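Read through the structure below, which is laid out as structure tokens, and then see the notes.
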Amino acid sequence: MTDPALPATRDQASRRAEALRKDIDHHNYRYYVHDDPAISDAEYDSLMRELQAIEAHWPDLLTRDSPTQRVGAAPASQFSQVRHALPMLSLDNAFEEQDLLDFDRRIRERLALNGDVDYVGEPKLDGLSVSLRYEDGVLVEAGTRGDGRVGEDITANMRTVRSVPLRLRGERVPRRLDVRGEVVIRKQDFEHLNRQRLGADQKLFANPRNAAAGSLRQLDSRETARRPLTFFTFGVGESSEPLGNSHAGVLDLLAEWGFRVNAEIGRLSGVEACLAYYRELVERRDSLDYEIDGVVFKVDDLEAREALGFTSRAPRWAIAYKLPAREATTRVRAILPSVGRTGVITPVADLHPVEVGGVIVSRATLHNMDELRRKDVRPGDQVMVRRAGDVIPEITGVNLELRPEDSVPWEMPTTCPVCGSEVLRLEDEVDYRCQGGLVCSAQRIGAVLHFASRRALDIDGLGEKIVEQLVERELVKTPADLFSLEHPTVAGLDRMGDKSADNLIAALKQARETTLPRFLYGLGIQHVGEVTAQRLAEHFGDLDPILRASEDELVQVPDVGPVVAQSIAHFFAEPHNRDVIQALRDAGVRWPVVQGRRDEAPLGGKSFVLTGTLETMTRDEAKERIEGLGGKVTGSVSRKTDYVVAGESAGSKLDKARSLEVPVLDEQALIEMLGGQESAS
DNA sequence: TGTCCTCGAGTTCC
DNA sequence: CTCGAGGACA
């Protein structure tokens, strides 16, 4: 694209620059405040380049509020201070409904009101509070909250934020205005930013808030200009002219002046409406495109606010109702090596109990030594804990400043903490493993639990506590021993009554009727999970041919390569394992021979991904029925997926399906595909 | 040899 | 859900 020629005279240039600024500001506003661009990026860039060219040729035409100034300026050596004319106070917090009811009652008492108070409710964004000072409509200074009275001067950085007007829109603007708001990075922008950093081999940000904080603290505002910051205003600190009589009205004015006002902000009449607003927002928390850590309620009437005034720390007319924290800080009491079914030793952080997302967390896995070193977690450290994927706690970072002086890195023990066997890390493997095999009671417990698990033999009532006791008292050494358990032995265990013992014995009896894939899977052969077990069963039809199969024959099975084949062959060559299998058969464990292949089946070869909650069946039932008709169900969506089945509140998989243009079925469509009848059970 | 996909395995709390 | 690693395929 060729840039237009420069204007001939300074006079023309001045008019053209003026017009360009107006134009660019307008497009900025459309794009960054309303997410609604009117022109293409290329057109926008071309306007920008033209203005830059003019300003470069006639430097005296450059103004402070020119959009070209958003690219940032050369680094400062440090931040200077700004003093807030009107302090940026923190807000009182509410943690439960009663706190909010009390807040409302106090207000009605102070105002001597009987009826409902009008409030404005708004999401409390999890970012950084910033104050922007405008003089005659032009941004002159920006400061962080700091301690509330004095903050850091981040004017250069805030100028680069596209949703901050450098000049207020409209004609009637106050001579002096102090706008308050929150700087955040929106979730989608955050993900994009981290992907970029991953590509550039830079350290990833732990969360959007840290990323926003880091971006604002850049001494080089050119760097800040590259970060996707968004400014949402939540009010006015000080104004040289009165701004009407309601907070909602002030927000309308701010929107007119070109600020981004959160779309969720609403007027609420009475405290019950506030509670409903809160509940509704908690519900939708995940679908908002920015992180929030609470909901703020403010008295709408400005005169009433005046009357209520301030305590020493916070305004009496506002309160922040906190959401259950999803990230919390706590101390690592110890790092404990835990031995799993396969002998893999996993370092687990024993945490000082802390509430995260509504539950008390006291343990978090560190996965393996690589991960532990990457995060550099040590016993005694203060760490941040988050619940990833809504359930599993994860340590996201360490506060190095609070690390004890005498702290030392944790080392993997050289002998197994359970059985004392040697611990080795195989070449090219991440994990350290206990070499004890079934000598190690941790591995025996794991093997028995796996054998009894739902997807294997599905033995009801055989939980962790029971298996631990059985193995530790040497009542059970292998899965086969389970079937010779008798009532008195079982009833003698801790936490085992007469009735539960009966149930367990009955469950064992029933579990003997199984299927070959379940049985194979239950054996716990390395690299043989559910799918591979199914493939083996289909290919060989019964157990004996598998026992006899050579590695070369095993490799013929789909999804089985040299590594898996070797693992299977070694397992069955081990005399101990053959003994266990024989003992299981002697105990009456049996399965029907697997009939031919299922390629002809109605859903033969089709792959499905399930997401969200189905109403008429569980995911497992759906999976079983799809597989019963020859389809397969996998966990993640790819281009090879034939259908995605979306239930209630489907998540990221659904988005992915749409982006890959994979057909999406709703539950009804699935049921029809499965033969039109509802699940029989 | 490199690049997808899948699969396996481990994970916390109630 | 997430990670690591095995298998399929170009």
Side-chain angles (χ1 to χ4, degrees), chain A residues 204 286 324 326 328 330 336-351 353-372 374-375 385-396 425-434 442-443 445-447 449-450 453 455-456 463-465 517 520-536 551 554-568 571 607-612 619 623 632-642 650-653 656 660 662:
Chain A
L204 298 189
D286 289 316
R326 283 202 282 204
T330 189
L336 307 171
S338 129
V339 186
R341 157 172 83 88
T342 57
V344 170
I345 303 190
T346 312
V348 177
D350 174 30
L351 304 169
V354 66
E355 183 177 327
V356 187
V359 299
I360 307 290
V361 169
S362 58
R363 292 155 64 90
T365 176
L366 292 159
H367 297 110
N368 54 55
M369 288 306 282
D370 284 7
E371 179 89 1
L372 188 147
R374 211 163 27 236
K375 289 183 174 161
V385 182
R386 179 179 70 176
R387 292 218 302 157
D390 241 17
V391 196
I392 294 162
E394 180 191 20
I395 292 183
T396 54
R425 177 186 211 170
L426 295 179
E427 238 177 292
D428 302 330
E429 262 197 12
V430 187
D431 295 323
Y432 288 73
R433 299 186 118 95
C434 159
Q443 291 181 58
I445 291 168
L449 275 172
H450 176 73
S453 68
R455 306 183 123 91
E464 200 175 325
K465 289 281 170 288
L520 284 170
Y521 171 68
L523 292 175
I525 306 165
Q526 240 189 71
H527 303 301
V528 179
E530 270 185 293
V531 175
T532 310
Q534 178 73 41
R535 298 273 177 279
L536 287 168
E551 285 181 39
L554 287 165
V555 176
Q556 303 304 311
V557 179
D559 293 345
V560 175
V563 176
V564 178
Q566 191 189 55
S567 166
I568 297 167
F571 183 90
S607 75
F608 290 73
V609 172
L610 306 176
T611 180
R619 271 205 215 189
K623 185 174 177 204
K632 64 177 178 172
V633 176
T634 58
S636 56
V637 183
S638 74
R639 262 173 291 134
K640 290 189 183 170
T641 307
D642 291 299
S652 61
K653 288 179 196 169
K656 189 154 180 205
L660 292 176
V662 172

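By convention in this document, chain letters (A, B, ...) are assigned in the order of the sequence lines, proteins followed by strands, and residues within each chain are numbered from 1. Treat the numbers as computed from the prediction; the structure is a model and nothing was measured. Side-chain atoms are counted along with the backbone in the values below, which use heavy atoms only and exclude waters and symmetry mates.
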Using the side-chain heavy atoms of [X], tell me which of these nucleotides is nearest: [options].
X: A:P393; options: B:dT11, B:dT12, C:dG6; result: B:dT12
X: A:T342; options: B:dG10, C:dG4, C:dG7; result: B:dG10
X: A:V531; options: B:dC13, B:dG8, C:dG4; result: B:dG8
X: A:V430; options: C:dG4, B:dA9, C:dG6; result: C:dG4
X: A:V348; options: B:dA9, B:dT12, C:dG4; result: B:dT12
X: A:T532; options: B:dT12, C:dG6, B:dG8; result: B:dG8
X: A:N368; options: B:dC13, C:dG4, B:dT11; result: C:dG4

Ignoring backbone atoms, test whether [X] places a side-chain nitrogen or oxygen under 4.0 Å from the OP1 or OP2 oxygen of [N].
X: A:R363; N: B:dT11; result: no
X: A:S362; N: B:dT12; result: no
X: A:T365; N: B:dT12; result: no

Atom [atom1] of [X] and atom [atom2] of [N]: how far apart are they, to the nearest Å?
X: A:Y521; N: B:dC7; atom1: OH; atom2: C1'; result: 11 Å
X: A:H367; N: C:dT2; atom1: NE2; atom2: P; result: 10 Å
X: A:I395; N: C:dT2; atom1: CD1; atom2: P; result: 17 Å
X: A:Q534; N: B:dT6; atom1: CD; atom2: C1'; result: 15 Å
X: A:L554; N: C:dG6; atom1: CG; atom2: C1'; result: 15 Å
X: A:D370; N: C:dT2; atom1: CG; atom2: P; result: 19 Å
X: A:Q526; N: B:dG8; atom1: CD; atom2: C1'; result: 10 Å
X: A:E394; N: C:dC1; atom1: CD; atom2: C1'; result: 10 Å

Residues which pass salt bridge (charged side-chain N to carboxylate O under 4.0 Å, His left out) with A:E530, listed by chain and number, not counting sequence neighbours: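 Listed in chain order: A:R455, A:K623.
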For A:A364 against A:L351, the heavy-atom pair lying closest together: CB-CD1, 4.0 Å
From A:H527 atom NE2 to A:I568 atom CD1, the distance as rounded to the nearest 0.5 Å: 9.5 Å
Rounded distance (nearest 0.5 Å) linking atom CG of A:L554 with atom OG1 of A:T532: 11.5 Å
Contacts of type ring pair (Phe, Tyr, Trp, His ring centres under 6.0 Å), residue A:H367, not counting sequence neighbours: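 Once residues adjacent in sequence are excluded, A:H367 has no partner under the ring pair (Phe, Tyr, Trp, His ring centres under 6.0 Å) criterion.
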For A:D370, all residues meeting side chain to side chain donor-acceptor pair (under 3.5 Å), sequence neighbours excluded: A:R425
Qualifying residues under side chain to side chain donor-acceptor pair (under 3.5 Å), relative to A:R374, sequence neighbours excluded: A:E371
Residue pairs fulfilling salt bridge (charged side-chain N to carboxylate O under 4.0 Å, His left out) with at least one residue in residues 555-566 of chain A, sequence neighbours excluded: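 Every salt bridge (charged side-chain N to carboxylate O under 4.0 Å, His left out) pair that includes a residue of residues 555-566 of chain A, provided the two are not neighbours, is A:R535-A:D559.
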Below 3.5 Å is the cut-off: list the nitrogen or oxygen pairs between protein and nucleotides 8-10 of chain C, distance only.
| unit_1 | atom_1 | unit_2 | atom_2 | d |
| --- | --- | --- | --- | --- |
| C:dA8 | OP1 | A:D559 | N | 3.0 |

Sugar-phosphate only, base, or nothing, as touched by A:E530 at under 4.0 Å among non-hydrogen atoms: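 Touches sugar-phosphate only.
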